[in-house]
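We count ligands from 1, going down the list as the structure has it; atoms in each ligand are counted the same way. Because only heavy atoms are used, hydrogens play no part in the values below, and waters and symmetry mates are left out as well, while side chains stay in.
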Amino acid sequence: MNDCIFCKIAAGTIPARKLFEDEAILAFHDATPQAPVHFLLIPRKHIPNILELGPEDEGLLERLLNKARELAVEQGCGEGGARFVINCKADGGQSVDHLHVHVLGGRALGWPPG
Ligand code: DGP
C-alpha cells in the first residue's frame with residue numbers, strides 16, 4: 001500500500017532500527033517505546049489487521065510469533081518475561097493499519113489495559 005508507513009519501512013524507504021528481516025517478515029524497534037524493550041514485527045505483505053488474514057496467509061502468524069519469542073529472549077526478556085500484543089482496529093487501539101505484533105519488556109507492565 002502506497003501510503004502505509006510500515007510498508008515503507010519494509011521497502012526500506014523509511015529508516016527503522018531493524019532487529020531482523022527475511023523474505024516474509026521484519027522486526028524493528030518501536031519509534032515511541034513504552035518500555036525498555038519495545039519492538040514490532042510485521043509481515044512484508046500489507047495486511048491491515050489480524051481480522052483480515054486470509055487462508056493464503058496460513059503460517060504467517062506463527063512465523064511472526066515464533067520470531068517475536070526468539071527476539072524477546074535475545075533482547076533480554078528471557079528471565080523477566082514480556083508482553084506480546086496485537087492491537088486491532090479502533091477499539092483495540094490500533095493506530096497503524098498494517099498488521100503488527102508488539103513485544104514489550106524490561107519492566108513490569110500493568111494489567112488490565114486502560
Ligand atoms: P498500534 O497502536 O498498535 O497501531 O502501534 C503502532 C506503533 O507503531 C506505535 O507504538 C508507534 C509505532 N510507530 C508508528 N510509526 C512508526 C515509525 O515510523 N517507525 C517506527 N519504528 N515505529 C512507528
Side-chain angles (χ1 to χ4, degrees):
M1 232 210 188
N2 279 344
D3 58 350
C4 171
I5 207 157
F6 286 178
C7 283
K8 288 179 181 168
I9 288 175
T13 55
I14 286 185
R17 291 169 55 220
K18 289 179 193 166
L19 289 162
F20 175 82
E21 62 184 318
D22 66 14
E23 75 287 356
I25 67 171
L26 199 74
F28 52 90
H29 291 282
D30 195 290
T32 53
Q34 303 300 312
V37 174
H38 187 179
F39 60 93
L40 306 171
L41 298 100
I42 65 168
R44 286 191 185 278
K45 178 181 173 186
H46 183 81
I47 300 166
N49 60 63
I50 191 171
L51 296 179
E52 296 190 43
L53 280 163
E56 68 279 13
D57 303 312
E58 195 186 338
L60 187 55
L61 266 187
E62 186 180 8
R63 198 161 170 165
L64 288 167
L65 288 176
N66 269 327
K67 187 51 71 177
R69 182 177 56 75
E70 278 178 34
L71 291 173
V73 172
E74 267 183 42
Q75 293 293 305
C77 300
E79 281 292 313
R83 184 165 297 164
F84 301 77
V85 175
I86 300 176
N87 295 326
C88 179
K89 301 181 81 171
D91 285 356
Q94 184 177 9
S95 61
V96 177
D97 291 332
H98 182 126
L99 173 62
H100 52 282
V101 179
H102 291 259
V103 179
L104 300 111
R107 70 171 173 87
L109 299 162
W111 190 264

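Close approach of ligand 1 to N87 is summarised as follows: ligand atoms under 4.0 Å from at least one heavy atom of the residue are 1 (P), 2 (O), 3 (O). Heavy-atom proximity to H102, at under 4.0 Å, picks out these atoms of ligand 1: 1 (P), 3 (O), 5 (O), 7 (C), 10 (O).
One N or O on the side chain of Q94 and one on the backbone of K89 form a donor-acceptor pair closer than 3.5 Å. Panel note: side chain E79, backbone C77; no donor-acceptor pair is recorded below 3.5 Å. The backbone N or O of L104 sits nowhere less than 3.5 Å from a side-chain atom of R83 that would complete a donor-acceptor pair. For D22 (side chain) and I25 (main-chain N/O), a donor-acceptor pair under 3.5 Å exists by modelled atom type.
The closest approach between L40 and ligand 1 falls below 4.0 Å for a heavy atom of the residue. Put simply, part of I9 is less than 4.0 Å from ligand 1, judged by heavy atoms. Within the 4.0 Å heavy-atom shell around ligand 1 one does not find R17. Using a 4.0 Å cutoff on heavy atoms, Q34 does not count as a contact of ligand 1.
F6 CZ, 3.4 Å is the protein heavy atom nearest to atom 8 (O) of ligand 1. Protein heavy atom in closest approach to atom 10 (O) of ligand 1: D30 OD2, 2.5 Å. Here the heavy atom of the protein found nearest to atom 1 (P) of ligand 1 is H100 NE2, 3.1 Å. Taking atom 18 (O) of ligand 1 as the reference point, the nearest protein heavy-atom neighbour is I5 CD1, 3.5 Å.
Atom CD of E56 sits in a crowded spot, with more than 12 heavy atoms from other residues, nucleotides or ligands closer than 6.0 Å. More than 12 heavy atoms of other shown residues, nucleotides or ligands fall within 6.0 angstrom of atom CZ in R107.
Taking the centre of each ring, F84 and H102 stay at or above the 6.0 Å mark.
Listed here is the closest heavy atom pair of H98 and K45: NE2-O, 3.5 Å. Taking both residues in full, the closest heavy atoms of T32 and D30 are given as N-OD1, 2.8 Å, listed atom of the first, atom of the second, then distance.
Between A31 and ligand 1, at least one pair of N/O atoms sits closer than 3.5 Å. At least one N/O-N/O distance between G93 and ligand 1 falls below 3.5 Å. Taking distance alone, with nitrogen or oxygen atoms compared against 3.5 Å, S95 approaches ligand 1 more closely than that limit. Residue V96 has at least one nitrogen or oxygen atom sitting less than 3.5 Å from a nitrogen or oxygen atom of ligand 1, judged on distance alone.
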Self-check item: From CA spacing to verdict: side chain to side chain donor-acceptor pair (under 3.5 Å), N66, R63
Solution: CA-CA 5 Å; N66 269 327; R63 198 161 170 165; over 6 Å; no
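Residue-level proximity to ligand 1 for H29 is carried by the backbone, the only part with a heavy atom below 4.0 angstrom.
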